There are 2 protein chains.
Amino acid sequence: MQRSTIDDVAQAAAVSIKTVSRVLNHEPNVRESTRQRVMAAVESLNYHPSQSARSLAGSRSYVIGLLYNNPSANYMFDLQTGAMERCRQDRFQLIIHDCTRRRQDIAKHALGLIDQTHADGLVLSAPVCDEPLLLDALHQRSVPYVCIAPNQSPHHASYSFMDDRAAAREITDHLLGLGHRRIAVIVGHPDHYSAVQRLLGFKDSMKAAGVEPNMQLQKQGFYDFESGYTATRELLALATPPSAILACNDDMAAGALMAAHEANINVPNDLSVAGFDDTYISKVVWPRLTTVHQPIQEMAKVATDQLIRQLKSGAQSEPKRIDHCLVVRDSTGPAPT
Amino acid sequence: MQRSTIDDVAQAAAVSIKTVSRVLNHEPNVRESTRQRVMAAVESLNYHPSQSARSLAGSRSYVIGLLYNNPSANYMFDLQTGAMERCRQDRFQLIIHDCTRRRQDIAKHALGLIDQTHADGLVLSAPVCDEPLLLDALHQRSVPYVCIAPNQSPHHASYSFMDDRAAAREITDHLLGLGHRRIAVIVGHPDHYSAVQRLLGFKDSMKAAGVEPNMQLQKQGFYDFESGYTATRELLALATPPSAILACNDDMAAGALMAAHEANINVPNDLSVAGFDDTYISKVVWPRLTTVHQPIQEMAKVATDQLIRQLKSGAQSEPKRIDHCLVVRDSTGPAPT
DNA sequence: TTGAAAGCGGTACCAG
DNA sequence: CTGGTACCGCTTTCAA
């Protein structure tokens, strides 16, 4: 019942260990009958190659690192799920690494991780992928990496993304279409590129609709429930409060909803609230949130796919845009007359 | 800028590689001055030992596996966070593994994981830790493991847990204390031991209060939003609906809230709703949920700690109970008269 | 199409 | 207290 090694398999199949290695790595030049004999031995011995030995001897480790820095559990979950799914397909091992609370020495840290684990490459999610020092360091050591929703397109990497600006326009247009003019916006975390893009999209639409910009109706948030809650309380305390609020993610929108409920304001009759991301939370709050579906899981899967392809072929892929879509639910309605 | 090896460090410090190894592993019998020389070399070369080489050569790999099978993102997040925190402390690497959709061959699968990764031990969260075949297999291969909230106490393992039955009694008593008698319960997923314990606790209190059992008011749920929603719709359609609902976790309670809102029933004035777990969701729904705080993160941290200790000393620890506590918020109120 | 032998970067046993 | 050396289980180069 001990772990079996490549030697055991070789012996059982009456071949050399090199041949076993060939079969397992799908290398050419193995007679079909030999291949089958080896596979049978692998099966019967329940053989699983040692990752350590592989990565030590070879140039690949079949390990991919996922670096993140995001406080939202739901976001994280989707990220992981998408990346793991793709990894499993090619029997890669995913190791996840929380980069919160290390900004300065993140490059050094990531390199250390590479040294320790021999990871073949890295998947960088926003906003980790927007650290120039990190990117430089990785490039210098020629560590393959891909990005999810990066800021400016990284020089040396593939990435997946969604069009945040267009999405913001769509949801703002939805609000405008309902007759709202006094629309407040709760901006996302300044470290996230998506936050600035979404704000731009909002402004695009407002301008196109001929609405005068009003800084009183723009509040800084941080992509968390609390900041959405606080911002909304302030907005509602205004002499003339907004008739609609666009929160740049669902957590903040949930906070907005809470503030509205507490102030006894009916959503959507007296106030419309829109979110962003279509995370789990948007389906469980009341009323259910109108939001934009951000395909995080798909984005993670695609980015991981890009990385794995690159590891195999050495070539990078084109940036890949993943479609978003507007999801209209119950938190938005016609502007009060 | 290449990765540096133990040889580089040895050379730089003018000692043998064995001595470097000693220093890095905190082995005794190294002169202080030598130790410092080595550490200086490690620092300046930015040396990070190769995990692969270590696990291949030695008997330890400094890798711990976390096996889970739980659909809730928030639960997962807490689990991971707690385990990772403890791992980081002793520079262990955590690899996480989703066991959903593999029940039958889970034992074989876990063993494969051990073979591949050389993991030193496993942290098993409920309900994975209640698979007898898995536990047997691990024991037979003498793979160290610990459990989080297991069913019957596992024969050969340490574990952390909370007293679900007592917690259920507390929250039921809270409801009873508010004057409720017609209390419905939405039971958790049958695969989870916690679900049966919580139901037992509920029954304990109801019996102690002299309330006749009423199977009409007991609904089977599955620890997800949807099942809580559906169950509540059925409950509200009853000729005489309950005045309070105890949902055995927060997701189901959120579903209950949604159903109540849709039916235009005021919570908590017309209906009280209580949850369980005190996850993120309980703070963002409206009204905020009265619930029981389940210290998942702490439980994960403690279990991981037990495992690491065992790996070091070889000895198991006593099971460790983590305190829960009742969290009264806004979703429960006096029974309507 | 197959095999022999030399490492990969550490640990562990045993000398000195 | 310190160093030499035999592995750990695989991949890779080079012959056969």
Side-chain angles (χ1 to χ4, degrees), chain A residues 2-38 41-42 45-63 91 93 112 114-120 311, chain B residues 2-39 41-42 45-63 91 93 112 114-120 311-312:
Chain A
Q2 260 309 308
R3 111 186 279 292
S4 42
T5 74
I6 198 172
D7 293 287
D8 302 331
V9 177
Q11 196 158 16
V15 295
S16 77
I17 61 168
K18 174 62 214 180
T19 299
V20 177
S21 177
R22 280 202 185 84
V23 172
L24 261 39
N25 293 303
H26 306 105
E27 286 174 31
N29 298 331
V30 179
R31 193 181 302 156
E32 177 59 20
S33 64
T34 312
R35 206 189 66 76
Q36 295 199 351
R37 206 143 32 87
V38 170
V42 165
L45 287 173
N46 220 289
Y47 169 68
H48 296 271
S50 153
Q51 276 183 14
S52 315
R54 292 233 280 187
S55 56
L56 192 54
S59 47
R60 302 183 306 292
S61 67
Y62 295 94
V63 168
R91 310 188 136 277
Q93 174 83 42
I114 295 286
D115 283 349
Q116 282 179 230
T117 64
H118 295 228
D120 290 333
L311 293 177
Chain B
Q2 261 307 309
R3 109 187 280 294
S4 43
T5 73
I6 197 170
D7 293 288
D8 302 332
V9 177
Q11 196 158 16
V15 296
S16 76
I17 60 167
K18 176 60 212 178
T19 298
V20 176
S21 177
R22 280 201 185 87
V23 171
L24 262 39
N25 294 300
H26 305 104
E27 285 173 31
N29 296 333
V30 179
R31 193 183 302 155
E32 178 58 21
S33 64
T34 312
R35 203 188 67 75
Q36 295 199 350
R37 204 141 35 86
V38 170
M39 288 313 286
V42 165
L45 287 173
N46 220 289
Y47 167 69
H48 295 272
S50 152
Q51 276 184 13
S52 314
R54 288 180 94 177
S55 58
L56 193 54
S59 47
R60 302 182 307 291
S61 68
Y62 295 94
V63 168
R91 311 187 135 275
Q93 176 83 43
I114 295 284
D115 283 349
Q116 283 180 230
T117 63
H118 296 227
D120 290 334
L311 293 176
K312 286 181 169 170

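Residue numbers begin at 1 in each chain, while the letters A, B, ... track the order of the sequences. FYI, side chains are in, hydrogens and waters are out, and symmetry mates aren't considered; it's all heavy atoms of this structure. Predicted model, so just to flag it, every value in this text is computed and none were measured.
Listed by chain and number, the residues in a side chain to side chain donor-acceptor pair (under 3.5 Å) with S61(B) are D120(B) (sequence neighbours excluded). Taking Q11(B) as the reference, nothing meets the side chain to side chain donor-acceptor pair (under 3.5 Å) condition, with sequence neighbours excluded. Not counting sequence neighbours, T34(B) has no partner by the side chain to side chain donor-acceptor pair (under 3.5 Å) test. For Q93(A), the side chain to side chain donor-acceptor pair (under 3.5 Å) test picks out Q51(A), with sequence neighbours left out. For Y62(B), the ring-ring contact (aromatic ring centres under 6.0 Å, His included) test picks out F92(B), with sequence neighbours left out.
Over its length, the helix from dT1(C)-dA16(D) to dG16(C)-dC1(D) turns its helix axis by 30°, as judged from the five terminal pairs at each end, rounded to 10°.
When atom types are taken as modelled, the side chain of D8(B) and the backbone of S4(B) share no donor-acceptor pair closer than 3.5 angstrom.
Among residue pairs with one or both ends in residues 51-62 of chain A, none qualify as salt bridge (charged side-chain N to carboxylate O under 4.0 Å, His left out); sequence neighbours excluded. Sorted by first and then second residue, the pairs that involve residues 22-35 of chain A and meet salt bridge (charged side-chain N to carboxylate O under 4.0 Å, His left out), not counting sequence neighbours, are K18(A)-E27(A), E32(A)-R35(A).
Out of dT1(C), dG9(C), dT2(D), the shortest distance to the side chain of R31(A) is found at dT1(C). The listed nucleotides are dT2(C), dG3(C), dC1(D); the one nearest the side chain of S16(A) is dG3(C).
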Using atom names, set out every protein N or O paired with an N or O of nucleotides 12-14 of chain C below 3.5 Å, distance rounded to 0.1 Å.
from	atom 1	to	atom 2	distance (Å)
dA12(C)	N7	K18(B)	NZ	2.8

